[in-house]
Participant: 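I have a structure here, written as structure tokens, and I will follow up with some questions on it.
Remember, it's a predicted structure, so these values are computed and weren't measured experimentally.
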Amino acid sequence: MRGLIGRGAERRWFGAEPAVHLALSPDGRAVSWQSERDPGLFVWRPGDGVRRLPLGRAEVVDHAWWPAGGAVAAVVAGPTGHRVVVYDEGAGRTTDVTPEGAGSFHVVDRDQPRSHSLLLAGADADGRRTWHVLSTPGGPAAREPVMTAVRVPEGVVPQRLFGDPDDRLRAATARDDDGSLVVYATDGAGWREVWRSAPPGSLVTHPVDVTADGMGLYLWAPCRDGFLGVRLLDLRTGAVRTVLDDGGHDLDVVLHPVTRLPQLALVSGTRRGHRALDPDLAAGLDRLGARHPGDLQLTALTRDNATWLVRIDDGGTPPRHLLWDRRADNAHPVPEDTRAPGPAARLAARLVPARLGLAARLVPARHGPGSRLAPAWAGRGSSGPARGGLAPTTTVSVPARDGLRLDGYLVTPPGVPAPPYPTVLLVHGGPWSRDEWGLSPEAQWLAERGYASLRVNFRGSEGYGVRFLDLGREDWGGGMQDDLEDALSWAVAEGIAQPGRVAVMGQSYGGYAALMAATARPKAFALAVAVCAPTDLVAFLRHVRGSAHHERAHFLHRVGDPDRDAARLRERSPLTHAAACHTPVLLVHGRDDPLVPWTHATTMAAALAGHGHPHHCLVLSGEGHGITRPANRIRLARVVGRQLAFHLAERPT
């Protein structure tokens with residue numbers, strides 16, 4: 001198999017990104033991005049090439065186009081916190097607008113076109129959450145930007161703020177300690193609570209945006225037959241009605257930026273789909289798809305809805321971004337070196353907190369906590385192969401032992417003799433996340449090394465309605481684990497996976513599942529790789545219960561209460577079964593993980609060592625819940641590669 005391993009594969013797939021956080025200018029004539037390879041902020045315009053903005057060599061943490069003229073607002077890392085600077089291209093001038101006492105900032109709804117201001121969220125020097133608006137007190141025509149604090153509901157820490165098409169604040173949402181979703185409305189004079197939803201429904205309900213008149217708030221929420229759709233909350237009366245649903249699929253929506261009417265329904269399924277609700281848009285998308293076939297994802301759009309930045313994934317070549325002028329009916333490819341975030345960064349983009357922007361809303365089923373963070377051992381990655389094709393991704397249907405059908409995605413190594421193959425079962429996090437068709441950097445890297453890979457949406461995954469999601473409630477280590485074993489059995493029976501040469505790996509919940517497979521379940525795998533995995537569920541949930549984590553209620557409701565359910569949780573903890581471990585284990589953790597403390601890895605390692613079981617433990621400084629630094633991503637991929645090569649090697653009989 002060594003002859004199949006391309007030199008530099010880890011660096012290509014998991015190294016520094018050439019372009020991340022793509023954004024579209026208000027006039028639709030420019031695309032901007034940040035870079036890991038060459039820290040800074042860059043702008044590309046068709047016909048003009050790429051230009052670095054003169055912001056110095058400091059790291060740009062986040063950015064967005066400010067609607068005033070051609071200005072770009074950048075969040076820049078400083079020695080004591082973030083600075084917010086505005087670069088006016090026309091005047092060639094940079095203005096520092098950082099408010100006193102600032103700590104950190106990030107742009108809210110970077111891809112949602114606004115009228116004249118920009119909304120930023122962050123934390124002050126003491127860690128308290130803050131909201132600021134970047135605007136011009138003299139009106140949209142003024143050129144002097146100022147950041148001012150936003151008045152929020154008293155005694156409330158909002159998760160989101162929403163403005164109408166004229167940027168007037170209309171609504172705020174927050175989560176109570178019990179997981180209830182609370183909606184507040186304002187007419188500019190003060191805030192009042194207008195609606196409240198309790199678990200479990202509130203845990204899968206998320207705000208989308210307010211209506212054009214500011215009197216309603218669209219919600220992504222359970223609708224007919226338990227599938228998610230779009231509902232409209234009246235901010236005056238608290239009444240809720242269904243606007244868009246399917247009854248057979250989860251649906252999300254893209255709103256027109258000014259009319260705020262639904263214009264595109266996003267359909268969750270085995271493949272990402274969409275249904276245009278406007279005939280002109282439908283015709284345009286058909287023509288675009290004929291010229292550029294593949295799964296389409298909208299990244300950003302202009303306020304006049306005339307220009308879209310779209311991502312196309314055809315499954316055979318690296319995904320690419322197009323600047324689509326709907327009026328002229330033409331699409332400019334974004335240059336090769338700025339085509340998109342690299343493959344693993346694209347994975348990370350769908351793992352970040354949902355509802356933070358337009359791009360996040362275009363990926364159905366993305367609200368799992370483990371899945372929102374940086375992706376597993378892959379980190380954010382690089383742009384993968386610059387030329388040539390990818391190993392094809394095939395959709396599969398896996399039967400579970402109780403008759404449930406599970407969607408899956410299979411990638412097999414090209415240029416390798418006929419199956420069966422040494423195989424890796426990749427388990428997604430959350431577990432209330434999901435895998436999707438399309439580019440998986442881990443799967444492509446594995447294929448390049450000669451391995452097949454299988455990803456399965458086991459019960460408890462999102463994207464298949466609330467009923468499917470609830471099959472995983474309080475079932476960690478149970479039916480969800482059965483599904484993974486059934487997926488392996490299916491792959492062996494189909495002649496795809498070679499028995500005895502199969503590994504299991506994942507991050508967060510995926511890492512937990514890998515450890516359960518290595519300890520508490522019958523031996524089925526030759527190697528288990530667990531990244532940022534909880535190993536003691538009682539200790540993990542007590543930590544979560546005492547934290548301010550944004551999905552605290554998700555864990556307590558869907559996994560269990562650390563006191564009431566202690567007996568079950570201990571029985572479903574890998575640490576409890578360390579003595580029975582029958583599979584070599586690789587444990588990886590970030591030392592600064594805020595969700596799962598790194599001691600989960602070291603405690604598990606000590607228990608395995610105490611019983612003489614083979615294992616390796618790697619704790620990486622400067623990493624949180626996921627491995628994100630390029631050097632660490634490459635290092636970790638190489639460690640995993642060596643472990644796979646040893647444990648999945650064909651042994652003489």
Participant: Any salt bridge (Lys or Arg N to Asp or Glu O under 4.0 Å) pairs touching residues 533-542, not counting sequence neighbours?
Facilitator: Arg542-Asp563
Participant: Would you list the pairs meeting salt bridge (Lys or Arg N to Asp or Glu O under 4.0 Å) in which at least one residue belongs to residues 504-518, sequence neighbours left out?
Facilitator: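 Every candidate salt bridge (Lys or Arg N to Asp or Glu O under 4.0 Å) pair involving residues 504-518 fails, so no pair, neighbours aside, qualifies.
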Participant: Could you pull out all residues at least two apart from Tyr218 that satisfy ring pair (Phe, Tyr, Trp, His ring centres under 6.0 Å)?
Facilitator: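 Once residues adjacent in sequence are excluded, Tyr218 has no partner under the ring pair (Phe, Tyr, Trp, His ring centres under 6.0 Å) criterion.
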Participant: Can you list every pair that meets salt bridge (Lys or Arg N to Asp or Glu O under 4.0 Å) and has a residue in residues 258-270, with sequence neighbours left out?
Facilitator: Asp209-Arg260
Participant: Apply side chain to side chain contact (heavy atoms under 4.5 Å, CB included) to Val156 and list each qualifying residue two or more places apart in sequence or on a separate chain.
Facilitator: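 Once residues adjacent in sequence are excluded, the partners of Val156 under the side chain to side chain contact (heavy atoms under 4.5 Å, CB included) criterion are Pro153, Pro158, Ala174, Tyr184.
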Participant: In chain order, what residues pass the side chain to side chain donor-acceptor pair (under 3.5 Å) check against Asp234, with sequence neighbours excluded?
Facilitator: Arg236
Participant: Report the residues that fulfil side chain to side chain contact (heavy atoms under 4.5 Å, CB included) with His543, sequence neighbours left out, ordered by chain and then residue number.
Facilitator: Pro597
Participant: Please state whether the rings of Trp476 and Tyr512 are parallel, tilted or perpendicular, taking 30° and 60° as the class boundaries.
Facilitator: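 Rings of Trp476 and Tyr512: tilted, 30 to 60°.
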Participant: Could I get the full list of ring pair (Phe, Tyr, Trp, His ring centres under 6.0 Å) partners for Phe468, not counting sequence neighbours?
Facilitator: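 Per chain and number, Phe468 pairs via ring pair (Phe, Tyr, Trp, His ring centres under 6.0 Å) with Tyr464.
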Participant: Among all residues two or more places apart in sequence or in another chain, which pass the side chain to side chain donor-acceptor pair (under 3.5 Å) test with Glu474?
Facilitator: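 Partners of Glu474 under the side chain to side chain donor-acceptor pair (under 3.5 Å) test: none.
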Participant: Ring pair (Phe, Tyr, Trp, His ring centres under 6.0 Å) with His274: which residues, sequence neighbours excluded?
Facilitator: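 Ring pair (Phe, Tyr, Trp, His ring centres under 6.0 Å) check on His274 returns nothing, list empty.
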Participant: Kindly write out the residues that satisfy side chain to side chain donor-acceptor pair (under 3.5 Å) with Thr211, not counting sequence neighbours, or none if the list is empty.
Facilitator: Asp213
Participant: List the steps, then state whether side chain to side chain contact (heavy atoms under 4.5 Å, CB included) holds for Gln263 with Leu301.
Facilitator: CA-CA 12 Å; Gln263 63 172 336; Leu301 74 172; 3.8 Å; yes
Participant: Check whether NZ of the Lys or CZ of the Arg Arg271 lies under 6.0 Å from the centre of the six-membered ring of Trp437 and within 45 degrees of that ring's axis.
Facilitator: yes
Participant: Mind checking side chain to side chain donor-acceptor pair (under 3.5 Å) for Thr395 and listing every partner two or more places apart, or none if nothing turns up?
Facilitator: none
